[in-house]
S.K.: 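Mind having a look at this structure? Questions to follow.
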Amino acid sequence: MKFCTVKQYFDDENNNNVTNGIATTVIPLPNKHLKIKANNKEMEQYEQELLRNVMPQELTKLILAANYLNFKEALDFFCRTVANAIQNKSVDYVRKFFGLESDFEPGEEEKLCKEFAWSFEGVDED
Amino acid sequence: MELEGIDLSNNVNEGVDAKDRISELPEFIIHHILSFLSTKAVVKTSLLSKRWNGFTSSYPVLDFNEDYFQEFPTHEYKPDQKFMPKYEEFQTREKVMHFLNNSLLRFCEQKICIDTLMLKVTLLNKKNTALVNKWVQMAVENRVKVLDVVVTKNKKTLYRLPEIVFSAKRLTVLKLVGCRLGHSNMKNTITLYSLKKLSLGNVYVEEQMLQNLVSCCPSIEHLTLKYCVGLKKFHAHAPLKYLTILSLPKLETIYYIEGASIRNLIYGYSIGEELGEIKVNACQNLRVLSLTGASITDQCLYDLGTKFPHLQTLNLSHCNMLETVHISSPSLNMLILWVCKKIREGEIDTPNLRNFKVYSYDKFPKLSLKSGGSCQTSAYCLTNSRLDYQYHLNTDWLLELREFLKNAIWAKTLSLDNKGQVACNLEEFPPTPPYDLEFLRLNLFPPSTGYSDIVNGLFLTFHPKTLLVYSTKNNVSCKNFLCECLMHKEDSGCCGSTHIKCWSRYLKNAIIENFGENKVEMPLNQDTPFDELDKVKDVRLKLLWQS
């Protein structure tokens, strides 16, 4: 029941949403997921591995693929991975991680910083 | 700042387009990512870029907690309602309330539904109370699904929850602490059609109101009542499935639980001389039963097997009317007996039991267990844990413990926590063979007479295959002492006493299982680098004994 969309995908040759590379990563996931579902530590390790090997940009594609395939556990897993990567990090680190630039006016950003100073607690070193 | 195009210095890997893809994800996925972040982390993302600022502004989970803006001197400090400012921008509670108010107004301007509103505030004046009333109203008007309100007020009064909450048709979870639920005599004003979980803590609500409330919620499954005031009795029935009830002597409430819909029941009464009363009737689908401080009798316990044919987990804690326990249940998987101090003996017939734990202060009951082969059983001895300083570890106690283990041949794990004094006289030990234990866990605080008494007593009584020694900052010496004792010595010149056999003669080898950073195995002998041992917090040792 998780894979009704997978069949659809294979039928539809001209599908732009999911490239082959992604399909090979996402589809073996349920087996792996079921195997290591019980063992939290292994999930952590897998997550670390994922972060090291898979770029944030690739992770984006994985997320979209999981969403397209309606695969909730994979979607949760990837989203949580992104969240864990940025949880205690500084704004600058997260910008670098996502590969984005700040587009605020200089005064604007400062104002926001002051207003949300209370959210900067407990930040890891970059 | 306005750079468009690729900034290669951001690239960790080569040849990859550094263009920001994550921000191009659809908003609902970004929100899904945010749902795994703490409130502070979510707020920080609003500083990433204008687009992220937009994502955060439309994120429908609002967490308004005045504690984020305060600094408490220590972890255990109980705020006495005075605002303790932490940030320059938020020097007073008024400033915080003003900021939260603006945040809510800004959100509601977008005309998006609020998913969750969490509030934790202290209300000391009418102005702030009116503000919170307005917030609750706005949340309901914006079709809130999860509402969590924690209010601290002056000691005499409680925050009166606005009645509009009872007509929140989209509400699925309602959690209240420190509130007062007013009268609603007319049943048709309560339209909580979607409410699945209701949790009330330190809430004043009268019996009629609560019964009305619960019976007007067709979807309700979870009900939590913690120290609720104003109830003489409460009758829990269908469609409720999961119940958690905590009560105190002074509240004088009697709870009646009834019906085939009830799956889980957790009942806790404050631990003391008095026992709480709870009446359970016709709950044949009960799966999990946990009773603390309940006045359950031996007969009641025996009847559980037939009354609850699907019971899987049974947890009895401080049920001090029990003396001779007789449990017969083919469905039971997990059984925990926590310090029911009057239990002297019992018979437990549970063929499908997988996990059995017995916690005692000093005296262990004589229990015979009939369970299937794969049952993990552990006995925990907590002498002098918490504030109970009446018990002392002495020879009698050790002999009783040995007696207990001899009878309870099912006990494979023994866990010993001791903070008090020890007085063991080894001369009093009869020369009976020691008991082979799978696992011994020790958490011993330094007794004034030193560790040798207790350690000798323990190893004369048990030969554990695995030993786990906890060390906290108060008892590092225990770990060191044990390692000294267990060290494999080349020359076996041991104690001169011939009255009892020296236990170290039977110890063939000791291997540390979690040594060093890589947690490798390391035999314990003269060559063991002891300074490295200091770095290992909880030492796990494999002990090989002569059989």
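Below, read A as the first sequence line, B as the second, and so on, with proteins coming before strands; counting in each chain starts at 1. All of these numbers come straight from a predicted model, not from anything done at the bench.
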S.K.: Could you check if a side-chain atom of B/Thr45 sits within less than 4.5 angstrom of a side-chain atom of A/Val94, using non-hydrogen atoms only?
M.R.: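 Counting from C-beta outward, B/Thr45 and A/Val94 never come under 4.5 Å.
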S.K.: Pick from B/Leu37, B/Ile30, B/Leu25, B/Ile33: which one makes a side-chain contact (heavy atoms from CB on, under 4.5 Å) with A/Cys79?
M.R.: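 One option only clears the test, and that one is B/Ile33.
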S.K.: With a 4.5 angstrom heavy-atom cut-off, could you sort out which part of A/Glu108 is near chain B: side chain, backbone, both or neither?
M.R.: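 Side chain of A/Glu108 only, per the 4.5 Å heavy-atom cut-off to chain B.
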S.K.: Got A/Leu100 and B/Trp52 here, is their nearest side-chain heavy-atom distance under 4.5 Å?
M.R.: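 Yes, close enough: below the 4.5 Å cut-off.
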S.K.: For residues A/Trp118 and B/Phe69, establish whether the separation of their ring centroids is below 6.0 Å.
M.R.: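 Ring-ring flag for A/Trp118/B/Phe69: true, centres closer than 6.0 Å.
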S.K.: Measuring heavy-atom distances to chain A, does B/Lys50 have an atom under 4.5 Å in its side chain, in its backbone, in both, or in neither?
M.R.: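 For B/Lys50, the contact with chain A is made by backbone and side chain together.
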S.K.: Can you check whether B/Leu47's main-chain N or O pairs, donor with acceptor, with A/Arg95's side chain at less than 3.5 Å?
M.R.: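 Yes.
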S.K.: Going by distance alone, is a donor N or O of one side chain under 3.5 Å from an acceptor N or O of the other, for B/Ser38 and A/Gln87?
M.R.: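 On atom types as modelled, these side chains qualify, holding a pair under 3.5 Å.
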S.K.: Among side-chain atoms of A/Asn67 and B/His32, is any donor-acceptor pair under 3.5 angstrom?
M.R.: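 No - no donor-acceptor pair under 3.5 Å links their side chains.
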S.K.: With sequence neighbours excluded, tell me which residues meet salt bridge (charged side-chain N to carboxylate O under 4.0 Å, His left out) with A/Lys111.
M.R.: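 For A/Lys111 there are no salt bridge (charged side-chain N to carboxylate O under 4.0 Å, His left out) partners, ignoring immediate neighbours.
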S.K.: Heavy-atom pairs under 4.5 Å with chain A are the metric here; pick the option from B/Pro26, B/Ser35, B/Ala41, B/Ser49 that has the most.
M.R.: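 The residue among B/Pro26, B/Ser35, B/Ala41, B/Ser49 with the greatest pair count is B/Ser49.
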S.K.: Heavy-atom count around B/Arg287 CZ within 6.0 Å, excluding the residue itself: above 12?
M.R.: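 Count over threshold, so yes.
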S.K.: Report the distance from atom CZ of A/Phe97 to atom CG of B/Leu48, rounding to the nearest 0.5 Å.
M.R.: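 One finds 11.5 Å between CZ of A/Phe97 and CG of B/Leu48.
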S.K.: So does A/Asn88 get a backbone contact from the side chain of B/Lys40, meaning a donor-acceptor N/O pair under 3.5 Å?
M.R.: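 No, the answer is negative, given that no donor and acceptor are paired below the 3.5 Å cut-off.
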